[in-house]
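Input: a single structure, listed below in structure tokens.
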Amino acid sequence: MDLIQKPLLAALNNRRTDPPPIWLMRQAGRYLPEYRSMRAGAGSFLDLCLDPAKAAIVTLQPISRFGFDAAILFSDILVIPHALGQKVDFETGIGPTTVPVRNGSDLAKLSTERVHDLLCPVYETLERAAHGMPDDVALIGFAGAPWTVATYMVEGGTSRDHAATRAWALGAPEDFERLIDMLVEVTAEFLIRQVGAGAEALQIFDSWAGALPAHAFARYSLAPIREIAARVKRACPQVPVIAFPRGVPLQLPGFASAGEIDAVSIDHATDPRWVAERIQPSVAVQGNLDPALLLTGGAEMIRAAREIVETFSGGAHVFNLGHGVLPATPVEHVRDLVQAVRGE
Ligand code: 1CP
């Protein structure tokens, strides 16, 4: 099949499609009973991410159930610190934890040498998932943006204010930039290898971009993402790159005018009408239903979904949420959403 006949790839190539393609961030995950049973028998969360046979099945679970237009690789942004030699754990009810990296001597303990050996299972997951995909469904690879990955590496896990990361970035920028540069290097290669293994589009998640002070945004969020996208484009010019800088609506024009980025994913706090006017003329837009509406479901969710479709109907649009599916989401609401977006 001509790649562009896949609705997701058509939209990411800036074509208007009616209806828009739909997939959801965190579409493979805890709200799905079939995920929970796979997870229960898989050991730790990281074990599951690095078990290609199981991770490929999980990647395809939401496709079988809902018929989304894209499958996203089942993995996590924290496989990169793990592959750099940092200790990473996922504790149920707490989330990810790491042994923090806070200065130059902690940095010296990380190594890029074995990164792609350790990430081999991720590439194998993509190869396996690519074989099980329906013809019109696209396979998305992903990575965390350097800033967001750095926050988990520096804070020791999830953080409310990211104070240690900001203190390092702003107080000792030469050292911190070595960490960002290391992440640019390995993330670009990671994404290029994902394409080699079957990924047809890529998303870069900068979930904590909104924690940066405005004056440091270009240096630590936009520039590293652009550099990664540029390297990916040099190696695989046909593969669209989606950037998801969360919590920074006023910075979206910088992503839209960067030639390396094909689409921006927008969070639910961002006004879609403003995005349709200011951003969509330059690049495809992805988003932005509030994931909380998927908890409620019903008429309000359907009304809001149709309004988003209508607002973005003048250009290229990929329907998605403003952030990931919440674990308490009823699966029937997801089915209703897909039908509403497709006008069924
Ligand atoms: O116990 C479990 O089953 C773990 C829950 C879980 C899952 C299902 C985690 C831990 N990660 C994932 C999968 C995951 N993570 C995917 C898979 C593909 C899909 O979307 O279906 C993706 C793309 C991610 C990306 C990810 N991980 C991000 C960026 C997107 C976002 O949500 O902002 C981030 C920040 C992470 C870190 C992470 N991993 C897991 C959790 C609970 C978190 C977030 C913790 C926090 O809020 O700081």
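Order of listing sets the numbers, starting from 1, for every ligand and every atom in it. Please read all numbers here as calculations on a predicted model, not as lab measurements.
- From the protein, the heavy atom lying nearest to atom 34 (C) of ligand 1 is Ile77 CD1, 3.5 Å.
- Ring orientation note: the planes of Phe142 and Phe205 are nearly perpendicular, at an angle over 60° on the 30°/60° scale.
- The option from Tyr152, Trp23, Phe74 that lies nearest to atom 48 (O) of ligand 1, judged by heavy atoms, is Tyr152.
- Looking at ligand 1, you won't find any N or O of Thr148 less than 3.5 Å from one of its N or O atoms.
- Each of the following atoms of ligand 1 lies closer than 4.0 Å to a heavy atom of Leu73: 17 (C), 18 (C).
- Within the structure, the closest approach of Pro96 to ligand 1 falls below 4.0 Å when heavy atoms are considered.
- With a 4.5 Å cut-off on side-chain heavy atoms, Ile279 and Phe255 do not count as touching.
- The proximity of His323 to ligand 1, defined as any non-hydrogen pair under 4.0 Å, is limited to the side chain.
- When heavy-atom distances to ligand 1 are checked against a 4.0 Å cut-off, Ser159 has no atom that comes that close, whether in backbone or side chain.
- Which of Trp208, Phe45, Tyr35, Phe90 comes nearest to atom 3 (O) of ligand 1 through a heavy atom is settled by distance: it is Tyr35.
- Taking atom 1 (O) of ligand 1 as the reference point, the nearest protein heavy-atom neighbour is Arg39 NE, 3.1 Å.
- Shown here are the side-chain contact (heavy atoms from CB on, under 4.5 Å) partners of Ser64, two or more places apart in sequence or in another chain: there are none.
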Side-chain polar contacts of residues 266-273 - donor-acceptor pairs under 3.5 angstrom, sequence neighbours left out - could you list them?
unit_1, atom_1, unit_2, atom_2, d
Asp267, OD1, Ala269, N, 3.1
Asp267, OD1, Thr270, N, 3.2
Asp267, OD1, Thr270, OG1, 2.8
Asp267, OD2, Gly247, N, 2.7
Asp271, OD1, Arg273, N, 2.9
Asp271, OD1, Arg273, NE, 3.3

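- The shortest contact between atom 26 (C) of ligand 1 and any protein heavy atom is with Arg26 NH2, 3.3 Å.
- Annotation for ligand 1: atoms under 4.0 Å from non-hydrogen atoms of Phe205 are 23 (C), 29 (C), 30 (C).
- Proximity to Ser207 (heavy-atom distance under 4.0 Å) selects the following atoms of ligand 1: 29 (C), 30 (C), 31 (C), 33 (O), 35 (C).
- Ion pairing between a basic and an acidic side chain is recognised when a charged N comes within 4.0 Å of a carboxylate O; Arg178 and Glu174 show no such pairing.
- Under the 4.5 Å side-chain heavy-atom criterion for Ile, Leu, Val, Met, Phe, Trp and Tyr, Leu295 and Leu337 are members of distinct hydrophobic clusters.
- Put simply, part of Asp76 is less than 4.0 Å from ligand 1, judged by heavy atoms.
- The nearest heavy-atom contact from the protein to atom 23 (C) of ligand 1 is Phe142 CZ, 3.4 Å.
- At distances below 3.5 Å, not a single donor-acceptor pair connects side-chain atoms of Arg26 with backbone N or O atoms of Val325.
- Polar contact with ligand 1: present for Ala28 (N/O pair, distance under 3.5 Å).
- Inclusion of Thr158 in the set of residues having an N or O under 3.5 Å from an N or O of ligand 1 is warranted.
- Residue-ligand proximity, Ser75 to ligand 1, at heavy-atom distances under 4.0 Å covers atoms 13 (C), 14 (C), 15 (N), 16 (C), 17 (C).
- Listed here is the closest heavy atom pair of Ala188 and Val232: O-CG2, 4.3 Å.
- Each of Val99 and Trp168 belongs to its own hydrophobic cluster when Ile, Leu, Val, Met, Phe, Trp and Tyr are linked at side-chain heavy-atom distances under 4.5 angstrom.
- A tilted orientation is assigned to the rings of Tyr152 and Trp208, their planes being inclined by 30° to 60°.
- A distance-only check finds no donor-acceptor pair linking the side chain of Glu227 to the backbone of Asp181 [under 3.5 Å].
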